[in-house]
Asks: 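Structure provided below as structure tokens; questions to follow.
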Number of protein chains: 2
Amino acid sequence: MEGAPSARMRVRRHPERGVYQPEVIEAILDEAYICHVGFVADGQPMVLPTVHARLGRKLYLHGAAANAMFTACAESSICVAATLLDGLVLARSVYDHSMNYRSVVVVGIAHDVTDSEEKRTALRVLVDHVVPGRADDAREPKEREMRATRVLRLDLDEASAKVRSGPPSDAEADVALPVWSGEVPLALVPSAPQPAPNLAPSIPLPDYLSPDRLLRRASRGGSRREA
Amino acid sequence: MEGAPSARMRVRRHPERGVYQPEVIEAILDEAYICHVGFVADGQPMVLPTVHARLGRKLYLHGAAANAMFTACAESSICVAATLLDGLVLARSVYDHSMNYRSVVVVGIAHDVTDSEEKRTALRVLVDHVVPGRADDAREPKEREMRATRVLRLDLDEASAKVRSGPPSDAEADVALPVWSGEVPLALVPSAPQPAPNLAPSIPLPDYLSPDRLLRRASRGGSRREA
């Protein structure tokens with residue numbers, strides 16, 4: 001519980017699962033391919049999935065310039081949640097069922113990135129967040145593509161993580177029940193890259209899409225199991 | 001675009017990806033283990049992950065009775081988003097990179113479920129959503145556990161899905177570039193159940209946790225690839 005950057009970022013439900021170290025928060029953000037963005041549009045709370053990427057203590061989001069979500073988010077206080085589901089936790093009782101997960105919540109003002117150099121950097125970071133090495137290979141954005149794209153930046157000042165791992169916490173009185181108890185691990189697993197139908201056969205699969213590299217990216221080097 | 005239940009549920013960005021058929025929306029909600037709930041607390045939009053489950057045209061959420069999120073959500077208009085990430089889409093240009101996904105957004109009033117029979121049913125549905133067959137096996141909630149649990153219900157009247165599948169959409173002018181283009185499929189994959197350290201060796205792994213059943217649940221019978 002100690003170390004929360006603000007009262008609203010303190011993990012209240014299961015406070016023992018709250019983690020506030022920047023390196024834990026950053027590792028979860030780096031591993032999650034996508035996040036869910038919460039904002040208010042016409043008085044209605046809305047949540048939409050999107051890609052994010054971290055650079056130092058900044059989090060970047062991007063979308064089409066005309067994107068309604070981004071119009072509602074820009075210069076407003078929004079919330080970004082990234083969640084990694086690590087397993088199903090089956091206790092003897094319905095009540096003690098749970099999940100193993102690592103999640104992060106960030107709140108802050110979504111600033112419009114208008115500096116063209118920062119915007120280009122953010123787009124590279126977003127591509128490399130998903131597939132490290134890809135930004136050097138893919139064609140860079142043209143000027144009109146840059147204009148058609150909007151980038152938002154959120155500082156990571158107000159963030160918290162929540163982590164559960166390990167076996168179920170069965171009540172002492174339930175341990176003798178004849179019910180299976182344990183964890184079913186889950187992992188997001190990449191499979192073999194599928195070339196586009198119009199890809200020339202002369203173009204080989206890049207090193208950064210090798211099975212080993214894809215697997216390491218998906219689990220960020222196996223940090224998943226050690227969390 | 002036709003068939004959106006309301007203006008705010010119409011998919012505006014890539015309208016061709018919008019899907020409004022109830023059976024598509026329901027299949028995505030049924031496959032996703034967790035959702036992200038958007039609500040407003042003290043004027044701040046917040047997003048938190050939680051488990052959901054569908055019964056007919058109703059969506060149930062549950063949490064501790066004292067849960068701050070649920071206190072903020074009850075009898076208010078909230079948003080629930082469930083997202084299945086199916087693949088990374090690598091186009092020749094940075095600009096055309098995308099992801100394959102199936103996502104659902106629902107908005108509506110979160111009603112407090114106070115009827116004890118509906119509440120018990122909802123808790124069974126929540127357990128069976130995650131592991132079909134588990135609710136018949138695990139110990140039922142005691143009265144004090146029921147009191148410590150809050151259940152919220154959301155109607156599925158105002159919902160939409162957004163689906164992308166298939167190869168990248170490269171611009172004609174980019175197809176000749178010497179850059180690999182294609183999709184990296186992703187799937188959430190269960191691995192072998194890990195018995196709790198205090199599980200009696202005499203208790204066998206239930207049929208509903210067989211590798212085949214777990215895999216079928218994770219992909220809801222392989223609907224993932226056919227979406």
Side-chain angles (χ1 to χ4, degrees), chain A residues 12-13 33-34 36 38-40 44-47 49 64 67-68 77-79 81 83 85 88 92-95 97 103 107 123 127 130-131 137-141 145 167-168 174-175 177-191 193-199 203 205-206 214, chain B residues 12-13 33-34 36 38-40 44-47 49 64 67-68 77-79 81 83 85 88 92-95 97 103 107 123 127 130-131 137-141 145 167-168 174-175 177-191 193-199 203 205-206 214:
Chain A
R12 284 179 280 190
R13 189 60 26 203
Y33 285 104
I34 61 164
H36 283 80
F39 58 101
V40 176
Q44 169 68 42
M46 292 292 293
V47 181
N67 186 308
S77 188
I78 66 168
C79 181
T83 306
L85 188 56
L88 314 175
R92 276 105 171 162
S93 68
V94 163
Y95 185 72
H97 275 64
S103 66
V107 295
L123 294 176
V127 167
V130 178
V131 181
D137 199 8
R139 174 177 69 67
E140 287 188 13
E145 292 171 340
D174 290 333
V175 172
L177 292 175
V179 180
W180 191 89
S181 172
E183 184 201 357
V184 178
L186 289 173
L188 194 62
V189 176
S191 54
Q194 309 291 314
N198 61 6
L199 185 70
I203 297 180
L205 191 72
L214 286 173
Chain B
R12 286 178 278 189
R13 190 58 28 201
Y33 284 105
I34 61 164
H36 283 79
F39 58 101
V40 176
Q44 169 68 42
M46 292 292 294
V47 181
N67 187 308
S77 187
I78 66 168
C79 181
T83 306
L85 188 55
L88 314 175
R92 276 102 170 164
S93 68
V94 162
Y95 185 72
H97 276 64
S103 65
V107 296
L123 293 175
V127 167
V130 178
V131 180
D137 198 7
R139 175 177 69 67
E140 288 187 13
E145 292 172 339
D174 291 333
V175 171
L177 292 174
V179 180
W180 191 89
S181 172
E183 184 201 356
V184 178
L186 289 173
L188 194 62
V189 176
S191 55
Q194 309 291 314
N198 62 7
L199 185 71
I203 297 181
L205 191 73
L214 287 173

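The shown structure was predicted, so the numbers you read here are calculated from the model rather than taken from an experiment. Chain A is the first sequence line, chain B the second, and so forth, proteins listed ahead of strands; every chain is numbered from 1.
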Asks: Non-hydrogen atoms of chain A under 4.5 Å away: do they reach the side chain of B:L205, the backbone, both or neither?
Replies: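 B:L205 touches chain A through backbone and side-chain heavy atoms alike.
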Asks: Looking at every non-hydrogen atom in both residues, tell me the closest pair between A:S77 and B:P45 and how far apart they are.
Replies: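 Closest heavy-atom pair between A:S77 and B:P45: O-CG, 3.2 Å.
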Asks: Which region of B:V189, side chain (C-beta onward) or backbone (N, CA, C, O), has a non-hydrogen atom less than 4.5 Å from a non-hydrogen atom of chain A, or is it both or neither?
Replies: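 Answer is both: backbone and side chain atoms of B:V189 are under 4.5 Å from chain A.
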Asks: With rounding to the nearest 0.5 Å, note down the distance linking OG in A:S181 to CD in B:Q194.
Replies: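 So the gap between those two atoms works out to 12.5 Å.
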Asks: Select, from A:P206, A:P195, A:A64, A:P168, the one with the greatest count of heavy-atom pairs under 4.5 Å involving chain B.
Replies: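 Most heavy-atom pairs within the cutoff with chain B belong to A:P195.
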Asks: Considering only heavy atoms, which portion of A:P167 lies under 4.5 Å from any heavy atom of chain B: side chain, backbone, both, or neither?
Replies: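 The answer is the side chain of A:P167.
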Asks: Measure distances from B:S103 to the heavy atoms of chain A and classify the residue's part below 4.5 Å as side chain, backbone, both or neither.
Replies: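 For B:S103, the contact with chain A is made by the side chain alone.
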Asks: Check each atom of B:P193 against the heavy atoms of chain A and say whether the ones under 4.5 Å are side chain, backbone, both or neither.
Replies: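 Both the backbone and the side chain of B:P193 come within 4.5 Å of chain A.
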Asks: Looking at every non-hydrogen atom in both residues, tell me the closest pair between B:V179 and A:D137 and how far apart they are.
Replies: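 Answer, listing the atom of B:V179 first, then A:D137: CG2-O, 3.5 Å.
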Asks: Given the rule in the side chain to side chain contact (heavy atoms under 4.5 Å, CB included) test, do B:N198 and A:R92 qualify, once you have shown the distances and angles that lead to the verdict?
Replies: CA-CA 11 Å; B:N198 62 7; A:R92 276 105 171 162; 3.0 Å; yes
Asks: Taking A:I34, A:V175, A:L199 one by one, which has the highest count of heavy-atom pairs under 4.5 Å against chain B?
Replies: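 Answer, by heavy-atom pair count under 4.5 Å with chain B: A:L199.
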Asks: Could you go step by step and tell me if A:L186 and B:Y33 meet the side chain to side chain contact (heavy atoms under 4.5 Å, CB included) rule?
Replies: CA-CA 11 Å; A:L186 289 173; B:Y33 284 105; 4.0 Å; yes
Asks: Can you say whether A:R12 sits under 4.5 Å from chain B via the side chain, the backbone, both, or neither, judging by heavy atoms?
Replies: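 Just the side chain, heavy atoms under 4.5 Å.
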Asks: Where do B:V94 and A:E140 land on the side chain to side chain contact (heavy atoms under 4.5 Å, CB included) test, with the steps shown first?
Replies: CA-CA 6 Å; B:V94 162; A:E140 287 188 13; 5.7 Å; no
Asks: Need one label for B:V130: side chain, backbone, both or neither, based on atoms under 4.5 Å from any heavy atom in chain A.
Replies: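 Both parts, heavy atoms under 4.5 Å.
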Asks: Looking only at heavy atoms, which two atoms of A:N67 and B:R13 are closest? And how far apart?
Replies: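 Closest approach of A:N67 to B:R13, heavy atoms only: N-NH2, 3.9 Å.
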Asks: Among A:S93, A:P49, A:G38, single out the residue with the greatest number of heavy-atom pairs under 4.5 Å to chain B.
Replies: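 The residue among A:S93, A:P49, A:G38 with the greatest pair count is A:S93.
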Asks: Could you grab the distance from atom CZ of A:R139 to atom OH of B:Y95, nearest 0.5 Å is fine?
Replies: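 The CZ atom of A:R139 sits 10.0 Å away from the OH atom of B:Y95.
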Asks: Counting only heavy atoms closer than 4.5 Å, note whether A:P190 contacts chain B via side chain, backbone, both or neither.
Replies: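 Both parts, heavy atoms under 4.5 Å.
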Asks: Donor-acceptor check, side chain of B:Q44 to backbone of A:I78, threshold 3.5 angstrom: yes or no?
Replies: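 Such a contact is found between B:Q44 side chain and A:I78 backbone.
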Asks: Would you mind telling me which of B:V131, B:L177, B:D174 has the largest number of heavy-atom pairs within less than 4.5 Å of chain A?
Replies: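 Most pairs with chain A among the choices: B:D174.
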Asks: Pick from A:A68, A:P178, A:G182: which one has the most heavy-atom pairs with chain B under 4.5 Å?
Replies: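 Going by pairs under 4.5 Å, I would pick A:G182.
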